[in-house]
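Working notes, beginning with the structure itself.
For this chain, numbers begin at 1 and follow the sequence in order. Predicted model only: the values in this text are computed from it and were never measured.
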Amino acid sequence: MKPSKLPNLLGSYSMLNVTRTSNSTAPNQWGNAPTGLLVYNPNGYISVNMAATESEYRPMTISWPPNSTQPHEDWVIAAHHAMSYAGHFTIEEDNGDTGVVHHGPITVASVPSMMGTTMLRDYELIRTEEVVYLALVGTGSTIWWTKID
């Protein structure tokens, strides 16, 4: 499912923040200092990992692999404030540094109901002399990323 035209947004990005729209009623599950990694590869695959960084959202009482002595409630907190997914991506519109990207169909997801779904995102690349920013606009928020490669 390689894109016929390689879009400008190919590459790896580090998450900067989430900007909520004024009418958003969704909770801020990413906290005030989120972290994340977003990769668009030239073969049409995407990988997204996002998490809050505040200690109240990242209990140190849990580790991998899980075991029966770890509090279930702490796993719930960590899961509520982290999300990962991967799959295909396609470009619906590509006007150089702006367009519409489809994340999906999703083939791997930390949230089971995301499997097989596709999310549409308006995107804009904002270039400065030092860095390239990526704004992904979704329902109720814009997630800001900076290009790292």
* For Ser84 against Asn49, the heavy-atom pair lying closest together -> OG-OD1, 2.7 Å
* Asked: To the nearest 0.5 Å, how far apart are OG in Ser47 and CG in Asn41?
  -> 9.5 Å
* **Side chain His81, main chain Gln29, donor-acceptor under 3.5 Å** => yes
* To do: Using a 4.5 Å cut-off on heavy atoms from C-beta on, say whether the side chain of Leu134 contacts that of Leu38.
  => yes
* To do: Before giving the answer on ring-ring contact (aromatic ring centres under 6.0 Å, His included), spell out for His88 and Tyr45 the whole-Å C-alpha distance, their side-chain angles and the decisive distance to 0.1 Å.
  => CA-CA 4 Å; His88 298 278; Tyr45 290 95; 4.7 Å; yes
* **Beyond-backbone contact of Met15 with Thr146, side-chain heavy atoms, under 4.5 angstrom** => no
Donor-acceptor list for residues 115-123 side chains, cut-off 3.5 Å, not counting sequence neighbours:
residue, atom, partner, partner atom, Å
Thr117, OG1, Met114, O, 2.6
Tyr123, OH, Asp94, OD1, 3.1

* Crowded around Asn32 CG? As in, over 12 foreign heavy atoms under 6.0 Å? -> no
* **Spatial distance of atom CD1 (Ile143) from atom CG (Leu16) [nearest 0.5 Å]** => 11.0 Å
* Asked: Should Leu136 and Met83 be counted in the same cluster of Ile, Leu, Val, Met, Phe, Trp and Tyr side chains packed under 4.5 Å apart?
  -> yes
* Which pair of non-hydrogen atoms, one from Leu10 and one from Tyr13, has the smallest distance, and what is that distance? -> O-OH, 4.0 Å
* Can you name the nearest heavy-atom pair linking Ala135 to Thr142, along with the distance? -> CB-CG2, 3.8 Å
* Closest approach of Glu54 to Trp30 (non-hydrogen atoms, all atoms of both residues) -> OE1-O, 4.1 Å
* Stepwise side-chain contact (heavy atoms from CB on, under 4.5 Å) test for Leu9 and Leu125 -> CA-CA 7 Å; Leu9 62 81; Leu125 291 166; 4.3 Å; yes
* Shared hydrophobic cluster for Val108 and Tyr85 (ILVMFWY, side-chain gaps under 4.5 Å) -> no
* Asked: Going through the checks in order, is the side-chain contact (heavy atoms from CB on, under 4.5 Å) test met by Arg20 and Val18?
  -> CA-CA 6 Å; Arg20 299 272 175 212; Val18 177; 4.2 Å; yes
* For the atom pair CD1 (Ile106) and NE2 (His102), what is the distance rounded to the nearest 0.5 Å? -> 12.0 Å
* To do: Begin with the C-alpha distance, continue with both residues' side-chain angles, and end with the deciding distance and a verdict on side-chain hydrogen bond (donor to acceptor under 3.5 Å, both in side chains) for Thr61 and Gln70.
  => CA-CA 6 Å; Thr61 56; Gln70 298 169 348; over 6 Å; no
* **Side-chain heavy-atom pair Met60, Asp74 within 4.5 angstrom cut-off** => no
* Could you state whether Val111 and Met50 fall into the same hydrophobic cluster, counting links through intermediate Ile, Leu, Val, Met, Phe, Trp or Tyr residues with side-chain heavy atoms under 4.5 angstrom apart? => yes
* Report the distance from atom OG of Ser12 to atom CG of Asp149, rounding to the nearest 0.5 Å. => 4.0 Å
* Asked: What's the shortest heavy-atom distance between Ile46 and Tyr40, and which atoms?
  -> CD1-CE2, 3.5 Å
* To do: Any chance you could measure Asn17, atom CG, to Trp144, atom CH2, to the nearest 0.5 Å?
  => 8.0 Å
* Residue pair Val48 / Trp145: nearest heavy atoms and the distance that separates them -> CG1-CH2, 4.5 Å
* Structure fact -> When rounded to the nearest 0.5 Å, the distance separating CG of Asn95 from CG of Asn8 is 10.5 Å
